[in-house]
Amino acid sequence: MSDSLRSRAEERVDAKIKFYVDFIIYVIVNSILFVINWLYTPEFWWVAFPLFFWGIGVLVKFLKAFVFVDRFDGDYRERKIQEEMERLGI
């Protein structure tokens with residue numbers, strides 16, 4: 001196996017591990033916030049704000065790790081430069 005394939009595989013695994021860790025932290029912290037909200041201020045559900053906005057960040061990490069895996073890798077910029085050069089006829 002070449003070094004470049006191994007490094008790409010390592011990057012993919014690292015992105016997946018990051019997502020899993022962030023998701024677990026998201027669930028634990030927001031569960032605690034939910035309980036605090038329910039016990040102390042049940043008249044206003046402020047817990048929805050961190051759930052929503054932090055959830056957007058977790059969703060982005062999920063998309064990067066599992067859906068758009070090679071789309072925005074280290075070579076993305078170079079591929080786009082080559083495409084633009086071809087369009088310009090260079």
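All values reported here derive from a predicted model rather than from experimental measurement.
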Inset, instruction - Quick one: list whatever passes ring pair (Phe, Tyr, Trp, His ring centres under 6.0 Å) with W45, sequence neighbours left out. - result: F34

Partner residues of [X] under the side-chain contact (heavy atoms from CB on, under 4.5 Å) criterion, sequence neighbours left out:
{"X": "Y40", "answer": "I36"}
{"X": "E10", "answer": "R6"}
{"X": "F52", "answer": "I56"}
{"X": "V27", "answer": "F23, S31"}

Inset, instruction - Using side-chain hydrogen bond (donor to acceptor under 3.5 Å, both in side chains) as the criterion, list what pairs up with N37, not counting sequence neighbours. - result: T41

Legend entry - Any pair counted as side chain to side chain donor-acceptor pair (under 3.5 Å), so long as it reaches residues 14-26, sequence neighbours left out: D22-K61

Inset, instruction - Please collect all side chain to side chain donor-acceptor pair (under 3.5 Å) contacts where either partner lies in residues 47-60, sequence neighbours excluded, each pair once. - result: none

Legend entry - Nearest non-hydrogen partners of A15 and A65, listed with the distance: O-CB, 3.7 Å

Legend entry - pair N30-L33: side-chain heavy atoms closer than 4.5 Å: yes

Legend entry - Listed once per pair and sorted, the salt bridge (charged side-chain N to carboxylate O under 4.0 Å, His left out) pairs that draw on residues 40-50, sequence neighbours left out: none

